[in-house]
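Scroll down for the structure; my scribbles are underneath it.
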Amino acid sequence: MTTPNSFAHNAYSAALQSAYAHLADGEESGAVVNVAGRVMLLRTQGKLAFATMRDSTGEIQLFALAALTGEFEEFAKLHLGDWVGITGEVVRTKRGELSVKVASWVRLAEALHNFGDKWAGISDFDLRYRHREADLWANPVSRRSLSRRSEMLRSVRERCWAANFMEVETPMLNAIPTGAAARPFRTHHNALDSELFLRIAPELWLKRLVVGGFERVFELGRVFRNEGLSPRHNPEFTMLELYAAYWDYRDMMSFVEELVSGVAIDVLGTTETEYQGRAFSFAAPWPRRTMASLVSEALGEDVSVHTSLEHLTQLLTERDVEVHPSWGPGRCLAELFEATCEQDLWDPVFVTEYPVEVSPLARRHAEDPELTERFESYAAGRELSNGFSELIDPVDQRSRFEQQARLAAAGDDEAMQIDEDYIKALEWGLPPTAGLGIGMDRLAMLIADEPSIREVIAFPTLKPLRD
RNA sequence: GCGCCGGUAGCUCAAUUGGCAGAGCAUUUGACUCUUAAUCAACAGGUUCCGGGUUCAAGUCCCGGCCGGCGCACCA
């Protein structure tokens with residue numbers, strides 16, 4: 001089958017629907033347009049045929065008549081899913097449907113597979129994820145969710161640019177995977193004959209750019225973590241990381257709540273929405289609660305990073321959390337938080353004052369050296385963002401890395417490695433700086449009201465098919 | 001990685017206690033000059049995910065494998 005290499009397209013369905021909304025039933029506009037799209041439905045009726053055609057903006061009816069339409073017999077045999085280019089007059093049928101009355105037409109592509117039941121669509125997860133192209137045609141919710149993700153990314157960029165942040169790119173292939181606690185993917189560079197890792201975070205590179213004098217930078221990009229899959233985890237996911245010189249973590253919290261609530265307004269038009277059937281509000285400001293106060297509230301007794309290790313261990317054991325011998329009070333407090341509080345945080349909230357033990361890159365708190373100026377925001381029971389006043393002291397940074405190295409030696413395969421280049425960068429002087437990471441996929445889940453991360457990733461990671 | 005659940009026509013789904021594998025849509029053919037998931041008629045469409053086993057008889061029961069969903073673990 002031969003099809004043309006191009007089509008002189010000049011009109012979109014949504015624009016026609018609004019431009020000719022005034023057209024009365026049975027009225028003809030006199031305007032001839034070239035539209036193109038996919039045949040979604042076809043209703044033939046003897047010497048008439050009606051098709052519903054969809055393009056990227058919406059749908060419009062095609063109205064073909066044996067007396068007018070060229071190659072009418074062939075038009076009436078189009079397959080659902082075929083791409084067509086149409087030339088014809090914009091009219092409204094007697095029954096009130098805005099239509100393009102087909103004078104001439106051409107098939108632009110043939111669909112050799114169908115797009116599922118025309119009423120039920122495609123629901124099989126395997127088929128939807130492995131062939132998203134079919135899912136997108138069959139299921140309007142899939143189109144809406146991925147569109148919202150795109151609008152979210154646009155809004156995030158525009159708001160970062162508006163706040164004078166500069167978009168930068170840093171290496172994805174790293175000799176040392178660092179900037180977060182996670183297992184990496186390994187690869188190998190042939191010419192250099194060296195082992196490389198896909199990045200688990202761009203954090204250290206971005207701070208080196210701040211050392212270099214770029215006072216506000218952000219990177220919106222993919223990171224890779226060799227961890228399990230779940231409705232909330234994909235091995236590759238998109239993160240916004242952002243650094244601002246002269247800010248501390250409080251300034252960054254203000255920025256985060258403004259950014260996220262602003263994105264909700266840009267995409268949804270409101271901060272008041274629903275997530276999975278339950279009311280959810282993006283509205284700023286978000287409450288700021290210290291980790292110790294939340295855990296104390298949940299336990300009904302005052303605990304903190306200064307509570308004895310023995311007592312914290314006992315509290316964890318009572319909750320069936322296995323305590324690793326390398327854990328100190330800080331790690332225990334963080335584990336208690338996860339066990340007792342995390343899943344109950346619904347509307348966005350900042351959890352602050354993380355123990356230094358679980359925050360190897362964060363600056364010590366001005367009032368308590370066992371704590372850091374760090375926050376994480378939680379929404380719908382899961383972590384949404386992570387940020388802190390950055391540790392700028394190269395001596396302290398080295399000792400933190402050494403602590404991580406001890407954890408690694410004790411069997412923690414997600415502990416960070418010592419990055420000498422990064423320490424040297426700090427020795428050139430990092431000004432007081434606050435940093436932020438936000439998981440874009442999880443934000444997209446909230447904005448699109450989707451229960452699974454796979455629904456907001458066009459092509460989620462799946463197990464390859466084998467015999 | 002572990003547990004629970006699922007996989008039947010291209011798609012969406014039925015199939016009673018283990019007893020002839022079905023429907024709608026799509027496809028094919030025919031009818032129809034204002035349809036809206038058009039309607040009507042007819043034809044065709046199957047390795048019941050794969051491989052073993054039990055049985056007179058397996059979509060159904062048992063064992064192993066593949067893929068998916070959810071939960072746990074890991075993590076964001």
Side-chain angles (χ1 to χ4, degrees), chain A residues 25-26 39-53 59-69 72 76-82 91-99 101 110-131 134-135 137-139 179-184 200-201 223-241 320-322 338 342 376-379 381-386 412-414 437-445 451-455 460-467:
Chain A
D25 292 358
V39 175
M40 302 308 296
L41 298 170
L42 183 62
R43 300 173 288 278
T44 63
Q45 184 162 340
K47 302 224 167 1
L48 297 181
F50 302 88
T52 301
M53 187 200 79
E59 295 182 345
I60 192 164
Q61 181 168 263
L62 307 176
F63 179 22
L65 304 85
L68 175 76
T69 302
F72 175 83
K77 289 179 185 172
L78 280 167
H79 287 179
L80 302 191
D82 285 351
V91 303
R92 190 175 296 281
T93 60
K94 292 176 190 170
R95 294 294 185 87
E97 189 72 34
L98 191 73
S99 308
K101 195 159 75 174
E110 185 178 11
L112 299 178
H113 306 291
N114 69 31
F115 288 92
D117 187 280
K118 64 187 181 185
W119 188 243
I122 298 173
S123 58
D124 182 73
F125 286 104
D126 211 25
L127 180 58
R128 289 184 51 232
Y129 296 153
R130 289 189 198 278
H131 289 284
D135 175 46
W137 284 103
N139 297 315
R183 285 179 293 179
I200 58 176
V223 296
F224 307 85
R225 298 187 184 179
N226 206 339
E227 309 283 357
L229 289 75
S230 87
R232 292 161 296 281
H233 301 87
N234 198 64
E236 53 178 308
F237 62 102
T238 300
M239 183 126 86
L240 170 69
E241 281 213 16
D320 297 325
V321 179
E322 192 179 342
E338 285 183 23
E342 181 173 341
E376 289 193 354
S377 69
Y378 282 82
R382 57 185 76 123
E383 184 185 339
L384 181 65
S385 72
N386 178 23
D412 184 345
D413 56 5
E414 289 166 359
I438 301 184
M440 289 290 102
D441 310 88
R442 292 200 174 166
L443 183 57
M445 289 168 67
S452 169
I453 197 169
R454 299 182 196 98
E455 300 294 350
T461 302
L462 296 173
K463 197 163 183 174
L465 293 175
R466 283 185 288 187
D467 299 334

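Heavy-atom basis, side chains included; hydrogens, waters and symmetry copies ignored. Chain A is the first sequence line, chain B the second, and so forth, proteins listed ahead of strands; every chain is numbered from 1.
- As the counterpart of B/C70, B/G3 is assigned, both hydrogen-bonding distances of the Watson-Crick or G-U wobble pattern falling under 3.5 Å.
- To the nearest whole angstrom, the two P atoms, one in B/C11 and one in B/G52, are 25 Å apart.
- Nucleic acid contact class of A/Q61 (heavy atoms, under 4.0 Å, all strands): base.
- Using a 4.0 Å heavy-atom cutoff across all strands shown, A/K94 reaches at least one base atom of the nucleic acid.
- Annotation: salt bridge (Lys or Arg N to Asp or Glu O under 4.0 Å) contacts of A/E455 (sequence neighbours excluded): A/R128, A/R132.
- As rounded to the nearest Å, B/U17 and B/C61 have C1' atoms that lie 12 Å from one another.
- Looking at which nucleotide of RNA chain B each of A/S99 and A/S123 is closest to, the 5′-most match is held by A/S123.
- Nearest to the side-chain atoms of A/L48 among the listed nucleotides B/A38, B/C34, B/A76 stands B/C34.
- Among residues two or more places apart in sequence or in another chain, the side-chain contact (heavy atoms from CB on, under 4.5 Å) test is passed with A/R232 by A/S230, A/R382, A/R442, A/M445.
- Remark: ring of A/F237 stacked against base of B/A76; centroid gap under 5.5 Å, plane tilt under 30°.
- Across all strands shown, A/G439 has no heavy atoms under 4.0 Å from either base or sugar-phosphate atoms.
- Within the 4.0 angstrom heavy-atom criterion, no nucleotide atom of any strand lies near A/A49.
- Regarding contacts with the backbone of B/U33, every side-chain N or O of A/K101 stays at 4.0 angstrom or more from both OP1 and OP2.
- Minimum atom distance to the side chain of A/W119 is reached by B/A37, of the listed B/C34, B/A76, B/A37.
- Residue A/T52 places none of its side-chain N or O atoms closer than 4.0 Å to OP1 or OP2 of B/U36.
- Within the 4.0 angstrom heavy-atom criterion, base atoms lie near A/N234.
- Of the nucleotides present, none pairs with B/A38 by Watson-Crick or G-U wobble criteria with both distances under 3.5 Å.
- Nucleotide B/A21 has no partner under the Watson-Crick or G-U criteria, as no pair reaches both atom distances under 3.5 Å.
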Going by atom type alone, with no hydrogens or angles, which donor-acceptor pairs under 3.5 Å involve a side-chain atom of residues 113-121 of chain A and a protein atom two or more places apart or on another chain?
{"from": "A/N114", "atom 1": "OD1", "to": "A/G116", "atom 2": "N", "distance (Å)": "3.0"}
{"from": "A/D117", "atom 1": "OD1", "to": "A/W119", "atom 2": "N", "distance (Å)": "2.8"}
{"from": "A/D117", "atom 1": "OD1", "to": "A/A120", "atom 2": "N", "distance (Å)": "2.9"}

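- Comparing B/A23 with B/U48, their C1' atoms sit 16 Å apart, to the nearest whole Å.
- When heavy atoms are screened at a 4.0 angstrom cut-off, A/G26 is found touching no nucleic acid atom at all.
- Scanning for side-chain contact (heavy atoms from CB on, under 4.5 Å) contacts around A/T44 gives A/L42, A/A49, A/A76, with sequence neighbours left out.
- Listed by chain and number, the residues in a ring-ring contact (aromatic ring centres under 6.0 Å, His included) with A/F72 amount to none (sequence neighbours excluded).
- Taking the P atom of each, B/G22 and B/U27 are spaced 24 Å apart, rounded to whole Å.
- The side chain of A/K118 places an N or O atom within less than 4.0 Å of a non-bridging phosphate oxygen (OP1 or OP2) of B/A26.
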Under 3.5 Å, which N/O atoms of the protein pair with N/O atoms of nucleotides 67-69 of chain B?
{"from": "B/C67", "atom 1": "OP1", "to": "A/P464", "atom 2": "O", "distance (Å)": "3.4"}
{"from": "B/C67", "atom 1": "OP2", "to": "A/K463", "atom 2": "NZ", "distance (Å)": "3.0"}
{"from": "B/C67", "atom 1": "O3'", "to": "A/R130", "atom 2": "NH2", "distance (Å)": "2.7"}
{"from": "B/C67", "atom 1": "O2'", "to": "A/D126", "atom 2": "OD1", "distance (Å)": "3.3"}
{"from": "B/C67", "atom 1": "O2'", "to": "A/D126", "atom 2": "OD2", "distance (Å)": "2.9"}
{"from": "B/G68", "atom 1": "OP1", "to": "A/R130", "atom 2": "NH2", "distance (Å)": "3.3"}
{"from": "B/G68", "atom 1": "OP1", "to": "A/K463", "atom 2": "N", "distance (Å)": "2.8"}
{"from": "B/G69", "atom 1": "OP1", "to": "A/R454", "atom 2": "NE", "distance (Å)": "3.3"}
{"from": "B/G69", "atom 1": "OP1", "to": "A/R454", "atom 2": "NH1", "distance (Å)": "3.3"}

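- Heavy atoms of A/R183 sit under 4.0 angstrom from primed sugar atoms or phosphate atoms, though from no base atom.
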Enumerate all atom pairs, one protein N or O and one N or O from nucleotides 41-43 of chain B, separated by less than 3.5 Å.
none

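- Comparing the C1' positions of B/C67 and B/C32 gives a spacing of 46 Å, expressed to the nearest Å.
- When both distances must be under 3.5 Å, the Watson-Crick or G-U wobble mate of B/A15 does not exist.
- Listed by chain and residue number, A/F63 satisfy the ring-ring contact (aromatic ring centres under 6.0 Å, His included) test with A/F50 (two or more places apart in sequence, or in another chain).
- To the nearest whole angstrom, the two P atoms, one in B/A14 and one in B/C66, are 27 Å apart.
- As rounded to the nearest Å, B/C13 and B/G7 have P atoms that lie 11 Å from one another.
- Within the shown strands, nothing qualifies as a pairing partner of B/A57 under the Watson-Crick or G-U definition with both distances less than 3.5 Å.
- In this structure, B/G51 forms a base pair with B/C63, meeting either the Watson-Crick or the G-U wobble geometry with both donor-acceptor distances under 3.5 Å.
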Taking only nitrogen or oxygen atoms into account, show me every contact under 3.5 Å that the protein makes with nucleotides 29-32 of chain B, one pair per line with its distance.
{"from": "B/C32", "atom 1": "N3", "to": "A/G46", "atom 2": "N", "distance (Å)": "3.1"}

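- In this view, A/E342 satisfies the salt bridge (Lys or Arg N to Asp or Glu O under 4.0 Å) rule with no residue, not counting sequence neighbours.
- Taking A/R43 as the reference, nothing meets the salt bridge (Lys or Arg N to Asp or Glu O under 4.0 Å) condition, with sequence neighbours excluded.
- The nucleotide B/C43 finds no pairing partner, because no Watson-Crick or G-U wobble arrangement with both distances shorter than 3.5 Å includes it.
- Considering only residues two or more places apart in sequence or on other chains, A/E376 meets the salt bridge (Lys or Arg N to Asp or Glu O under 4.0 Å) condition with A/R374.
- Nearest-nucleotide assignment on RNA chain B puts the 5′-proximal partner with A/H113, out of A/R92 and A/H113.
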